[in-house]
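Structure first, commentary second.
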Amino acid sequence: MNTAPAAPQHRPLAVVTGASTGIGYELAKCCAKQGFDLVVVAEESLITQAAHELRHLDVKVEAVQADLASVEGVEQLLAQIGDRPVEALLANAGRGLGERFFDQTFEDIRYVIDTNVLGTVKLVHAIGKRMHDRNHGRILITGSIAGIVPGGYHTVYNGTKAFLDNFSYGLREELTDSAVTLTCLMPGPTETEFFDRAHLQNTRVGVMSKDDPAQVAQSGFEAMMAGKAGVVTGWQNKLQAAAARLAPAGLLAKMHGKLAEPGSAQRTQ
Ligand SMILES: NC(=O)c1ccc[n+]([C@@H]2O[C@H](COP(=O)([O-])OP(=O)(O)OC[C@H]3O[C@@H](n4cnc5c(N)ncnc54)[C@H](OP(=O)(O)O)[C@@H]3O)[C@@H](O)[C@H]2O)c1
């Protein structure tokens with residue numbers, strides 16, 4: 001009879017940022033259903049509740065409450081991960097900021113840039129380098145189709161997503177000599193708390209019908225597992241993204257402005 005103790009079960013580890021709500025929460029669910037243990041991160045305490053719910057999927061879940069707009073917040077997350085190999089990094093945390101640029105405070109503007117760009121780049125630099133060193137791992141960055149469109153009345157956000165879309169494809173090229181994959185998830189408008197948090201409630205894009213975050217996350221997760229370069233979710237968004245790549249920037253900014261201008265929710269055209 002074999003009396004040796006059972007070997008400890010080591011599931012692969014996925015780190016999902018912005019996992020308290022919306023697309024990130026659904027991405028964490030996809031990872032758990034695939035058998036990943038999870039480190040889930042968000043800034044507010046709701047992440048503890050999200051982690052509790054994710055544990056019902058029979059995986060280990062650690063919640064980290066950290067502000068990923070700061071280097072210190074990212075380092076807090078890295079300390080929690082420690083030396084453990086990360087199999088999948090889903091760098092999804094992000095926030096928008098509606099209204100006119102000159103009506104926004106610089107603090108709010110900086111917070112969007114620091115969360116979407118600085119925090120994401122710092123995290124991908126730290127965890128991605130370890131993946132590169134051991135020639136193994138998957139990275140998913142949540143960009144947006146907003147990154148293809150100069151965004152009247154959502155200018156800073158769209159600029160940050162242009163950075164992320166561009167950064168993802170560029171860094172992927174540097175990984176062609178390695179087994180590490182990098183995928184850019186580019187959703188269109190999706191039904192999450194994003195629009196309320198970005199003060200976009202009174203805009204056409206705020207009130208229009210949107211995609212289901214579970215479906216968006218599933219597409220992103222599948223693309224990451226398949227090692228694809230990027231995925232624009234939904235056929236309408238695919239069409240819009242294809243057209244946007246051909247249209248003049250000024251026209252795109254004007255069209256975006258009609259969707260995101262404060263008060264545009266009441267307008268019919
Ligand atoms: N919804 C859309 O239409 C849409 C379209 C394209 C791309 N995206 C992108 O999808 C990603 C997820 O957004 P969502 O739509 O799911 O919105 P959401 O429900 O508002 O989720 C955003 C998540 O990011 C976290 N987060 C924001 N700032 C953070 C910070 N400084 N530090 C740590 N966590 C932070 C939030 O946690 P806290 O609440 O704790 O801050 C939350 O968990 C974002 O990158 C967004 O830009 C969204």
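Counting starts at 1 for both ligands and their atoms, following the listed order.
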Which is it for Asp133 and Lys129 under the salt bridge (Lys or Arg N to Asp or Glu O under 4.0 Å) test, yes or no, and what are the steps along the way?
CA-CA 6 Å; Asp133 289 348; Lys129 180 162 172 26; 3.6 Å; yes
Nearest heavy-atom contact between Tyr153 and Ala260 is CB-O, 3.4 Å
Which option wins on minimum heavy-atom distance to atom 42 (C) of ligand 1: Gly22, Ser144, Gly220, Ser20?
Ser20
Counting only heavy atoms not in Met225 (residues, nucleotides, ligands), do more than 12 fall under 6.0 Å from its CE?
yes
Any N or O of Leu68 that comes nearer than 3.5 Å to an N or O of ligand 1?
yes
Tell me which protein heavy atom sits closest to atom 13 (O) of ligand 1, plus the residue, atom name and distance to 0.1 Å.
Phe194 CD1, 4.4 Å
Kindly assign one of parallel, tilted or perpendicular to the pair His56 and His52, based on the angle between their ring planes and the thresholds 30° and 60°.
perpendicular
Among Lys161, Arg95, Glu193, Lys210, which one has a heavy atom closest to atom 27 (C) of ligand 1?
Arg95
Check each of Thr17, Thr192, Ile145 against atom 17 (O) of ligand 1 and report the one with the nearest heavy atom.
Thr192
Taking the non-hydrogen atoms of Asn92, is any one of them nearer than 4.0 angstrom to ligand 1?
yes
Separation between CG (Leu118) and CZ (Arg110), nearest 0.5 Å, reads 8.0 Å
Per-atom filter on ligand 1: closer than 4.0 angstrom to a heavy atom of Pro189 are 3 (O)
Residues Glu75, Lys122; criterion salt bridge (Lys or Arg N to Asp or Glu O under 4.0 Å); working and verdict:
CA-CA 9 Å; Glu75 281 170 352; Lys122 165 89 182 143; 3.6 Å; yes
Could you establish whether Ala146 and ligand 1 come within less than 4.0 Å of each other, counting only heavy atoms on the residue side?
no
Testing Arg84, Lys60, Arg11 one by one against Asp37 for a side chain to side chain donor-acceptor pair (under 3.5 Å), which residue passes?
Arg11
Could you tell me, atom by atom, which parts of ligand 1 come under 4.0 Å of a heavy atom of Gly18?
23 (C), 24 (O), 25 (C), 42 (C), 43 (O)
Looking only at distance, does Ile23 have an N or O less than 3.5 Å from an N or O of ligand 1?
yes
Do Leu185 and Phe221 make a side-chain contact, defined as non-hydrogen atoms from C-beta onward lying under 4.5 Å apart?
no
Non-hydrogen atoms of Tyr157 versus ligand 1: any pair closer than 4.0 Å?
yes
Here the atoms of ligand 1 under 4.0 Å from any heavy atom belonging to Thr142 are 9 (C), 10 (O), 11 (C)
Quick note on ligand 1: atoms under 4.0 Å from a heavy atom of Thr21 include exactly 18 (P), 19 (O), 21 (O), 42 (C), 43 (O)
Less than 4.0 Å is my threshold; does some heavy atom of Ser45 fall inside it relative to ligand 1?
no
Distance-only criterion, 3.5 Å: show the donor-acceptor pairs between side-chain atoms of residues 227-239 and protein atoms not counting sequence neighbours.
residue : atom : partner : partner atom : Å
Asn237  : ND2  : Asp211  : OD2          : 2.9
Asn237  : ND2  : Thr233  : O            : 2.7
Lys238  : NZ   : Val232  : O            : 2.5

Result block: side-chain N/O donor-acceptor pairs under 3.5 angstrom for residues 86-93, not counting sequence neighbours:
residue : atom : partner : partner atom : Å
Glu87   : OE1  : His136  : NE2          : 2.9
Glu87   : OE2  : His136  : NE2          : 3.3
Asn92   : OD1  : Thr142  : OG1          : 2.9
Asn92   : ND2  : Thr17   : O            : 3.1
Asn92   : ND2  : Gly18   : O            : 3.2

Can a donor-acceptor pair be found between the side chains of Gln80 and Glu62 at a distance below 3.5 Å?
yes
In ligand 1, the atoms that come under 4.0 Å of a heavy atom of Ala66 are 32 (N), 33 (C)
Atom pair CG (Leu77) and CD (Glu72), whose distance is rounded to the nearest 0.5 Å
13.5 Å
Report yes if Val41 has an N/O atom closer than 3.5 Å to an N/O atom of ligand 1; otherwise report no.
no
Measuring from non-hydrogen atoms of Met186 to any atom of ligand 1, is the shortest distance under 4.0 Å?
no
Starting from atom 20 (O) of ligand 1, what is the nearest protein heavy atom, named by residue and atom, and what distance separates them?
Arg197 NH1, 2.6 Å
Would you check whether Ala50 reaches within less than 4.0 Å of ligand 1, judged by its heavy atoms?
no
Run down the list Gly24, Ala69, Gly94 and name the one with the heavy atom closest to atom 22 (C) of ligand 1.
Gly94
Cation-pi geometry met for Lys210 and Phe195 (6.0 Å, 45°):
yes
Among Gly206, Gly143, Ala217, which residue places a heavy atom closest to atom 7 (C) of ligand 1?
Gly143
